[in-house]
Amino acid sequence: RKEFSAMSKPEVKRCIAAYLTLTTKQPHKRKYDALVAKHERLFSKKIHHWPQFWPWHRYFILKFENMLRAIDCKVTLPYWDFTVSWKQPWMRAMWDEDHLGGSGEKYMKYCVMDGPFRYGKWHVTPSAGGGCLKRHFDPHHQGISPRVMTLGTYAFTKPGHIHMYEKIISVYMHSWVHVTMGGIMATHKSANEPSFWMLHSFADKLWGNWQQRGRSFKLSPFAKMATLLSEQEGKDNYTVADMVDLADLPAANDDGNDSRTAVCYDGFMSVDEAYQSAHLHALPVPRSYATEYSTRKSAIRDLYRSIIRTKGEKSQFQRMVREPFLPGYKNF
């Protein structure tokens with residue numbers, strides 16, 4: 001899976017074409033409508049709470065990707081890295097008429113009027129009312145900077161911190177993007193928004209980044225959870241534990257067989273590379289999370305001190321720690 005802006009023009013064209021076929025042509029549309037309605041129905045239930053948020057959405061976007069690939073086997077689900085162009089998130093090329101289209105127009109009650117999902121050409125699912133796609137981008141919104149993202153990730157130094165890290169991603173970062181996009185994305189019908197799938201692909205990649213830090217980070221605590229995922233499709237009967245390993249996932253093809261699949265994200269970074277991307281150079285490569293903490297504690301502290309002196313990033317970080325998600329941040 002590639003970041004949307006890293007896709008070539010032919011790749012973008014194929015992906016959008018497959019999405020349009022899936023969402024407008026039978027028999028594909030029938031399956032798509034049912035999948036989207038499921039998210040709408042379960043919105044206020046377990047799928048947005050621990051421990052289902054990451055595993056359930058990993059399963060959900062895999063089901064969606066399978067539908068796209070049934071139409072065009074060369075298509076994979078892109079992800080939307082919302083830290084790119086964070087100062088002007090709505091100015092990215094992905095929002096122009098050749099990609100996903102832009103914000104809705106006020107005179108049309110915020111229906112999107114350009115791009116492949118424009119008014120009169122594309123409609124949301126029957127469960128969402130069947131009308132136009134609506135967006136209302138917050139013009140004053142700044143995205144989440146890569147430095148704040150790095151601090152929000154690597155201030156957690158032990159596998160047991162995953163519950164707090166999951167809250168940072170699901171509540172602060174993921175939900176914030178939903179709300180600031182406005183329109184249908186800010187409602188329980190959000191799975192109708194084309195960028196919804198890319199946002200959740202990025203959230204899944206962030207979990208994957210965490211898992212790459214070591215075996216304990218990868219497995220703990222989900223690998224021991226026999227909890228069934230909520231309301232699965234067809235003959236699927238998967239547990240939270242089944243969704244742990246990106247390199248060994250159930251194929252989730254609705255046929256009840258035991259075939260397996262693997263998902264790989266481009267841009268996967270090691271811990272050391274992630275620190276370097278935040279301009280924290282010349283630090284030894286950690287051999288374990290304990291070594292990581294001891295060798296990088298001063299670097300985390302320096303990053304924190306820099307962020308709280310930087311307009312924009314300071315307010316982002318303050319929102320992130322408004323609730324007690326980040327352990328020990330006052331000691332930085």
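From a predicted model like this one, the values you see are computed outputs, not experimental measurements. One is the number of the first residue; the rest follow in order along the sequence.
- Residues I71 and L22 are in side-chain contact: their nearest non-hydrogen atoms beyond the backbone lie under 4.5 Å apart.
- Residue D242 holds its CG atom at 13.5 Å from CE of M225, rounded to the nearest 0.5 Å.
- Closest of all the heavy-atom pairs between D138 and W90 is O-NE1, 2.9 Å.
- When all heavy atoms of F196 and H39 are compared, the pair lying nearest together is CZ-NE2, 3.6 Å.
- Remark: the R92 side chain and the S5 side chain contain an N/O donor-acceptor pair separated by less than 3.5 Å.
- In this structure, OG in S195 is found 8.5 Å from CG in L133, a value given to the nearest 0.5 Å.
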Could you go through the ring pair (Phe, Tyr, Trp, His ring centres under 6.0 Å) check for Y165 and W54 one step at a time?
-> CA-CA 11 Å; Y165 176 60; W54 264 329; 5.6 Å; yes

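- Within 6.0 Å of OH in Y119 there are 12 or fewer heavy atoms belonging to other residues, nucleotides or ligands.
- R309 contributes a side-chain N or O that, together with a main-chain N or O of R305, makes up a donor-acceptor pair within less than 3.5 Å.
- Within 6.0 Å of CZ in R215 there are 12 or fewer heavy atoms belonging to other residues, nucleotides or ligands.
- In this structure, H161 and W210 have side chains that are in contact, with non-hydrogen atoms separated by less than 4.5 Å.
- A37 and S127 make their closest contact through CB-OG, 3.8 Å (heavy atoms, listed as atom of the first residue, atom of the second, distance).
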Could you walk me through whether K134 and K109 pass side chain to side chain contact (heavy atoms under 4.5 Å, CB included), step by step?
-> CA-CA 8 Å; K134 293 187 177 184; K109 298 183 179 179; 4.1 Å; yes

Chi angles and distances behind the side chain to side chain contact (heavy atoms under 4.5 Å, CB included) call for Y238, L228 = CA-CA 6 Å; Y238 304 126; L228 286 173; over 6 Å; no

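- A ring-centre distance under 6.0 Å is not found for W50 and W56.
- Closest of all the heavy-atom pairs between W197 and A191 is NE1-O, 3.4 Å.
- Rounding to the nearest 0.5 Å places CE of M7 at 13.5 Å from NZ of K13.
- Hydrophobic clustering (side-chain heavy atoms under 4.5 Å, transitive across Ile, Leu, Val, Met, Phe, Trp, Tyr) groups V177 together with F137.
- A continuous path of ILVMFWY side-chain contacts below 4.5 Å connects L100 to V75, so both sit in one hydrophobic cluster.
- The residues K2 and D266 are annotated as not salt-bridged, no charged nitrogen and carboxylate oxygen being separated by less than 4.0 angstrom.
- Using a 4.5 Å cut-off on side-chain heavy atoms (C-beta onward), K189 and V124 make no contact.
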Give the C-alpha distance, both sets of side-chain angles, the deciding distance and a yes or no for side chain to side chain contact (heavy atoms under 4.5 Å, CB included) between T239 and T227.
-> CA-CA 5 Å; T239 66; T227 306; over 6 Å; no

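- Across Y265 and S201, no two heavy atoms sit closer than the pair OH-O, 3.2 Å.
- Crowding of K29 atom NZ: a count of heavy atoms from other residues, nucleotides or ligands under 6.0 Å exceeding 12.
- In this structure, E97 contributes its side chain and D114 its backbone to no donor-acceptor pair below 3.5 Å.
- Using a distance-only test at 3.5 Å, with no hydrogens or angles considered, no donor-acceptor pair links the side chain of D96 to the main chain of G102.
- The line from CD1 of I168 to CD1 of I162 is 13.0 Å long, rounded to the nearest 0.5 Å.
- Residues in residues 23-53 take part in no disulfide bond (SG atoms under 2.5 Å apart) pair, two or more places apart or across chains.
- Among all heavy-atom pairs drawn from N192 and I184, the shortest one is CB-CD1, 3.7 Å.
- Using a 4.5 Å heavy-atom threshold, the side chains of R14 and K74 count as touching.
- Contact annotation: the side chain of L199 never approaches that of Y79 to less than 4.5 Å [non-hydrogen atoms, C-beta and beyond].
- Remark: R118 is not positioned above the aromatic ring of W122, lacking an NZ or CZ atom under 6.0 angstrom from the ring centre and at most 45 degrees off the axis.
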Take R135 and E193 through the test salt bridge (charged side-chain N to carboxylate O under 4.0 Å, His left out) and record every step on the way to the result.
-> CA-CA 9 Å; R135 296 181 183 137; E193 164 61 53; 2.9 Å; yes

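- Under the 30°/60° scheme for interplanar angles, the aromatic rings of H48 and H200 are found to be tilted.
- At least one donor-acceptor pair under 3.5 Å links the side chain of S8 to the backbone N or O of E11.
- Judged by distance alone, with hydrogens and angles left aside, the side-chain atoms of S190 form no donor-acceptor pair with the main-chain N or O of A186 at under 3.5 Å.
- Ion pairing between E3 and K205 fails under the 4.0 Å rule for side-chain N and carboxylate O.
- Pairs of residues two or more places apart, or lying in two chains, that qualify as disulfide bond (SG atoms under 2.5 Å apart) and include a residue from residues 79-139 are C111-C132.
- Atoms CD and OG, on Q211 and S216 in that order, are 12.0 Å from each other to the nearest 0.5 Å.
- Legend: disulfide bond (SG atoms under 2.5 Å apart) pairs involving residues 9-81, not counting sequence neighbours: none detected.
- Note on L42: it clusters hydrophobically with M243, by side-chain heavy-atom contacts below 4.5 Å among ILVMFWY residues.
- Residue M113 is not grouped with residue M94 when hydrophobic side chains (ILVMFWY) are merged at heavy-atom distances under 4.5 angstrom, including chains of intermediate members.
- Two rings, from F217 and W207, have their centers 6.0 Å or more apart.
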Step by step, would you call R58 with L249 a side chain to side chain contact (heavy atoms under 4.5 Å, CB included)?
-> CA-CA 10 Å; R58 178 168 284 181; L249 291 174; 4.1 Å; yes

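- In this pair, F4 and H99 present their aromatic rings perpendicular. The plane angle is above 60°, beyond the 30 to 60° band.
- Using cut-offs of 30° and 60° on the angle between ring planes, the pair F53 and H57 is tilted.
- With hydrogens and angles disregarded, no donor-acceptor distance shorter than 3.5 Å links the side chain of T187 to the backbone of G183.
- Residues L229 and Q52 are in side-chain contact: their nearest non-hydrogen atoms beyond the backbone lie under 4.5 Å apart.
- A salt bridge is defined here as a Lys NZ or Arg NE, NH1 or NH2 lying under 4.0 Å from an Asp or Glu carboxylate O, and E65 with R1 meets this definition.
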From CA spacing to verdict: ring pair (Phe, Tyr, Trp, His ring centres under 6.0 Å), F64, Y59 | CA-CA 9 Å; F64 174 76; Y59 165 78; over 10 Å; no

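- Salt-bridge formation is detected for the pair K63/D236: a Lys NZ or Arg NE/NH1/NH2 atom is positioned less than 4.0 Å from an Asp or Glu carboxylate oxygen.
- Without hydrogens or angle criteria, K38 side chain to E231 main chain gives a donor-acceptor distance under 3.5 Å.
- If you chain together hydrophobic residues whose side chains sit under 4.5 Å apart, Y110 and M185 never meet in one group.
- To the nearest 0.5 Å, atoms OG (S220) and NE2 (H163) are separated by 12.0 Å.
- Of the possible polar contacts, one joining the S175 side chain to the S170 backbone as a donor-acceptor pair under 3.5 Å is found.
- For F202 and H174, the ring centers are positioned 6.0 Å apart or more.
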